[in-house]
Each structure stands twice: as structure tokens, then as C-alpha cells.
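Have a look at the structure below, then the notes.
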Amino acid sequence: MPYVLGIDVAQGRTHAATRRRLGPGWGDPEPLWLGERSPAAASALFLDDEGYLLTGDAAAQAGAQVPSRLLTGFHRRIGDDVPMIVEGEPFPPETLTAVLVEGIAEHAAHLFGGAPDHLVLTHPGDWGSYRRDVLRRALADAGFPDVTLVPGPIAALGAHLPVPGPGAQVAGVCEFGADGVHVTLATASGASGWQLGASAEGVAPAAALSTLFALAGAASTSPKGLAGVVFCGDVPPHALPARPPCPMFAGPVPPAAAALGAAALAALRAEGRATPHEPPAVETTLLPQVDTLGELGERPPRPPVEITPFELPERSSPLNLFRRKRPLAAAVLVLAAAVSAGVITLTAREANAGPPPVPTPGHCAPSGEGHC
């Protein structure tokens, strides 16, 4: 059965969605069940005893027993030339993401009887061309040379606003997570697709909409002028206002919004509906037209490393024991040390003194026997 596949690799959980062809068109995007108890699975890998990598929830469960062989957070580390080390084996982060994608693609192929017509994979919105090229090369080596890479916020927009309307358009995305809300503004002009604009991270949930409206105001757009706002991630109850000034979308499964949008964009790509006037070098637009593997660009600078000063422990001495031991125990140890020092001193003095001196003869009063 013809279908397309969208994958959203988030920090903690990975979501996937498919869109099947129904006659001349496509059906609605549907979540692809990856976990044992939920559609999402852990963004994790585990190195087993035989050298194979387990994926998803199976990896998380095995890692709970042997944490030293669990691999997490690798998707965010793509572009870092320092590999992740497990049991002495180096694993480049981009290769680990390719392994995770390969496992999901094999699962989908088993369900639908073959490979997808197209695959769209999300990536963090702050990535540059270097990180995208590194990931694309790893995916090509794993057998996926035609993957479209799309920023997560753009994919979330794709779930509800896949094709911008005519003229200049502005929309917003509020992604709720453990570290606050990631607020992103997206713009579209003419025939181009959505492109990332200003953003703010770590926003308090109660201030998400006001922050988005402030970003829109800086772009000369009022809240009523927004094409829409997409709520995704772990959206709390009553996050959407009762009287919104513009269209707002959450969908039935907000955590899977980026994956559902990725599947919707994959269907557009499979139909060849890429925007004709889109610059080929731009990867952050709705549907990148060119995915060729050229030379890697310049590696971005590594983020600064904050080193916490490390204070060496103090030398152990009788006086320091008062600060680290109970007073009674410290007093006993100090007394024992003092007695030992006194014994050593006396012994040293006796050793240095030598035998007692022999008295020297001198004059004395004569005794009755004629000698002293």
C-alpha cells in the first residue's frame, strides 16, 4: 500500500506518523504506533551483549538494568565531532539517529508491505546547514538518500497549515516541554513555504501567548493578523484561550503534531508539490527542493564549556578531625596522636643520649687501707 512517513525525534520521545494513498488522493495523517503502551517510544538506544543496538522502549527498559549501555540525547549532539562512548565503542551521534530512523522505517515497512514513497524527518529549529548535512550523509549511508529535513516548528505547522495562503503570512508555534515553552514565529511570502522567524525558549506556560504576540508585534503583525497558532507538545489543560484573536490549533494528539505534520509534508513532496521559487540552498523552508550531498560546510563553533572549580580535600590532621568527626571520637584520636608523639620523642632522646659517662678518678681522702 503506498504511503509516506514522518518522524519527529524529540529529546525524550520519538513520534512517527503515516499518510496512506486512497485512490487519487491521500488520507489523513495517522500516528504510527511505536511504543508498547503509547504511540510514542523513547528516543533511546541500548548496546546489548552481542553488539546490536536496541531501539525505543526496549532500549529504555534494558538501560534501566544496565545504564552504562544506554544512549540518549544523541539527536541534539549531531554536529559534534566527539563521539558517544559506550563500553569502549565510539558512536557518532548522527549514526545513532540514523539507526533509530532505520528501525522505525523497518517497522512501517513491515506494517504496510514496503518502503514509504517519501520520508520527512524533523530537526531542532536552531540547526544550521552543517548539522543538516552531517545528518543527511549518515541517513544516506543507512539507505535513505532522499530524506527531507524540516525544522520541528515548521512540521508542527504542517499538521494544520501545510500550505500558506496567498500573500505574506505569519503564524506561530507554541511547543510545551519540560523546560518551558518554545515559542516560534514563522513567515511565508508569495510562493515560498513557511520559514522560521524569531523565537524564544524557556517561556513560562502562562506567558506563551503573550510572548508570541510580542514577537508578532515586532514583525509588524497584530494577533488578529496571524494565520494561526499551533499548540504542540505536552499542552496543559485550558492552554487555549476561550476567545482567541486568531485561529488556534491543538489537535487530538498535541505531542504528535510535528510527526503528523511531517507526514502531511511528505505527501506533498511525494506529489512533487515543492515550491518552484524556493532557493535550493534553504533547508528550513516548507519543502526543500534540493537534497543533494555536497561538500560539508564549515563546522560551527562549539559552545563554551563552563568548568566548575574543584577544591581538593584538606590534608587529614588531628585538627581537621574536629570538623569532620564527632567531638568525642576526635578528642580520642587527638589524645592518641599526642601520646604517640610523646613516646616517640622520649625514645629518640634515649637513643641519642648513649651509655652513662664513666667517672674520672680524682683526689680523695685516704682511707684506713691506704687507698680511696
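If you read the sequence from its start, that first residue is 1, and numbering goes on from there. As the structure is a computational prediction, the values presented were derived from the model and not from experiment.
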Q.
Taking Ile78's backbone N and O only, do any of them form a donor-acceptor pair with Arg131's side chain (distance below 3.5 Å, no angle check)?
A. yes
Q.
What I'd like to find out is whether the side chain of Asp234 reaches to under 4.5 Å of the side chain of Pro254, using heavy atoms alone.
A. no
(Q) Can you tell me if Asp141 has over 12 outside heavy atoms packed within less than 6.0 Å of its CG? (A) yes
Q | Side-chain heavy-atom pair Leu265, Thr148 within 4.5 angstrom cut-off | A | no
**Q.** Neighbour count >12 (heavy atoms, 6.0 Å) for atom CD, Glu87
**A.** yes
Q) Is the shortest distance from a Lys or Arg side-chain nitrogen in Arg13 or Asp57 to a carboxylate oxygen in the other one below 4.0 Å? A) yes
Q: Would you confirm whether Thr211, through its side chain, and Ala207, through its main-chain N or O, come within 3.5 Å as a donor-acceptor pair?
A: yes
Q: Could you tell me how the ring of Phe231 sits relative to the ring of Phe176: parallel (under 30°), tilted (30 to 60°) or perpendicular (over 60°)?
A: parallel
Q: Can you tell me which residue pairs pass the ring-ring contact (aromatic ring centres under 6.0 Å, His included) test with a partner in residues 18-68, sequence neighbours excluded?
A: none
Q. Side chains of Val173 and Cys232: closer than 4.5 Å at any heavy-atom pair?
A. yes
Q) Is the backbone N or O of Ala10 less than 3.5 Å from a side-chain atom of Ser43, with the two atoms forming a donor-acceptor pair by type? A) yes
Q.
For Arg21, is there an ion pair with Glu271 - N to carboxylate O distance below 4.0 angstrom?
A. yes
(Q) Could you report the tightest heavy-atom contact between Thr14 and Leu34, atom names first, then the distance? (A) O-CD1, 3.6 Å
Q. Taking NZ, NE, NH1 and NH2 as the nitrogens, is one of them in Asp126 or Arg76 under 4.0 Å from a carboxylate oxygen of the other?
A. yes
Q: Check whether any side-chain heavy atom of Arg19 sits under 4.5 Å from a side-chain heavy atom of Asp117, and report yes or no.
A: no
(Q) So Leu45 and Phe91, do their side chains get closer than 4.5 Å, heavy atoms only? (A) no
Q: Apply the test side chain to side chain contact (heavy atoms under 4.5 Å, CB included) to residues Glu94 and Arg137: give CA-CA distance (whole Å), side-chain angles for both, the deciding distance (0.1 Å), then the verdict.
A: CA-CA 9 Å; Glu94 62 274 12; Arg137 288 173 178 271; over 6 Å; no
Q | Side chain proximity check, Val147 to Val101, heavy atoms < 4.5 angstrom | A | no
**Q.** Heavy-atom side-chain contact between Thr95 and Phe74 under 4.5 Å
**A.** no
